[in-house]
Structures are given as C-alpha cells and as structure tokens.
K.L.:
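Once you've had a glance at the structure underneath, I'll fire off some questions.
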Amino acid sequence: MPRKKLIAANWKMYKTPEQTLAFFRDFLPLVSGHRRDEIVVCPPYTDLAAAVEAAKASNVAVGGQNVHWKDEGAFTGEISASMLLALNVTHVIVGHSERRQYFCETDDTVSLRLKAALEAGLTPICCVGEVLEEREAGLTDDVLRRQCVRAFHSVSAKKAAKLVVAYEPVWAIGTGKTATPELAAEAHAVIRREATEIFGEAFASSLRILYGGSVKPENASALMAEEEIDGALVGGASLDPKSFAGIVKY
Ligand code: PEP
C-alpha cells in the first residue's frame, strides 16, 4: 500500500494565539478539500487551544512540539501526553535537533518521550539527523542508526504503529541549504533499513519517513517526488499560510 504523505509545520517559538487564528483563517481555505496528504500544524503550547479550535472539522490536525514522559509531577516547564490529549492534540514532535542542541535532549530522553507519546495514542514525529561535522567525517549512517536504535529501544512494532520519523540533517535546518532529493533518499533508506532490523519488514515498509531542512514551495515537489520521502517537516516556510499551502500542494 502506498504511504500517505504527511506535511507537518513546526512553528518553533513563533506566533501568539491571535496570530494563530489569523494563520488558520487564511490557510484553511487554501487547503480545503486537500485529502492527498495528511496536514499537521505544531504551534507553541500557548497556541494549541486556539489552533485546535480554529482547525476543528477541517482536514488539518494539530501537534505539540514536545512531551514529557511522566503523566504529571514536579517538572517545571514540561507538559504531558494527557495534557495534549485533553486539548484534542493528536501529534507531537520529539527529539527535534534544537531540543538536542540547546536543551540537553539526549537519545535516552528522546526515547522516553517517544514511548510516552505512543503509549498515550499520540502520533509522534521522531526527529533524527546528523550535524555538519558528522556528515563531513562520513559518520551520517552511524549517527542515524544510533539515534534510531536508542530512540526505539524496547518499543515493540505493535506499540510503534503510529510512529513517524523525520530525517532532518541539522546543517539544513533554517540555513537555506536543502539536502538534494537523492541525498535525503539515501538517508531515508538507512533509517528504513534500521527500522527493518528493529521492527521487521512489514512495519518498516509502511513507516513514514519525512524530510526536514529548508523545505520551501520551490523545492517541495522535487523532494516529494522521491519514493523514499513520505512528507516534510517544515519550519520557517510554514509560518506563512500561502507558503505552507504551496508546500502542501507541491
Ligand atoms: C524544522 O524546524 O524542523 C525545520 C526543518 O526548519 P526549516 O524548515 O526552517 O529548516
């Protein structure tokens, strides 16, 4: 069965609730009736309620940008899967490179967050990807394999049913440098091979692997034409309704 592509917006630390409502007011008419791909918008936590309300009864789902592994507790600044579910949020990003780079996220905490999301029935978008020095040292495949092995540690194929992986080469995020479709497809193939080892062939062949890193309306169709690329995780270009709609409709 062909894999349905997923196009996800990662708004990072941008937009207020009012700006979120304005985005949806302009964006939804541009993608109404678009069923070919799954569309998800991941705003900051403070915008989730506004986003869910604005996207109600539309073809756009709403996701969080992170999730803690405990259900509640003394963890200042964190939010749990049940808090996301209570807002009717359905997706969540885990292991984004900015969390890894600036907030001490490790392969092990990514794994804990991933398991919590799966356990709660959320669809996790688990980010992996190499930094420039690792690519230049020829370590890309090793890094991707390590990140997958650690993130998926002790997760069964049954539990992982909703898992989505995003390959995001760190050197391409927010830099305007995009991986060529061929280079991205090679990395995706490494991830799919690792998923085959861990979860088995049937699971891996239906696993969606998104590409992220300076995706724009101008390069989206070449990237999406690669059989190995099952969608996109989009940062900067997802903040503008027209530009994100242009990517969705590649
Ligand atoms: C991201 O934040 O996941 C991302 C891919 O950002 P950008 O599209 O801006 O490179």
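Predicted, not measured: the structure shown is a model, and the values here were computed from it. For ligands, and for the atoms within them, numbers begin at 1 and follow the listed sequence. This chain uses plain numbering: 1 for the first residue, then up along the sequence.
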K.L.:
Applying a heavy-atom distance cut-off of 4.0 Å, which protein residues contact ligand 1?
P.N.:
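Within 4.0 Å of ligand 1, protein side: N10, K12, H96, E168, A172, I173, G174, G212, G213, S214, L233, V234, G235, G236.
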K.L.:
In terms of side-chain geometry, is the basic nitrogen of D107 or R146 positioned less than 4.0 Å from the acidic oxygen of its partner?
P.N.:
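Looking at D107 and R146, the cut-off is met.
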K.L.:
Under the 3.5 angstrom rule, does the side chain of N59 hit a backbone N or O of H34 as a donor-acceptor pair?
P.N.:
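Yes; judged by distance alone, with no hydrogens or angles, the pair exists.
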K.L.:
Distance alone, cut at 3.5 Å: any donor-acceptor contact between the side chains of E130 and W171?
P.N.:
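Their side chains do contain a donor-acceptor pair, which is all the 3.5 Å distance test asks for.
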K.L.:
Is there a donor-acceptor contact under 3.5 Å linking the side chains of D37 and Y250?
P.N.:
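Per modelled atom types, D37 and Y250 side chains form a pair under 3.5 Å.
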K.L.:
With sequence neighbours excluded, tell me which residues meet side-chain contact (heavy atoms from CB on, under 4.5 Å) with R193.
P.N.:
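Per chain and number, R193 pairs via side-chain contact (heavy atoms from CB on, under 4.5 Å) with A189, V190.
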K.L.:
Would you say R100 and C127 make side-chain contact, with heavy atoms under 4.5 Å?
P.N.:
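No; the side chains remain at least 4.5 Å from each other.
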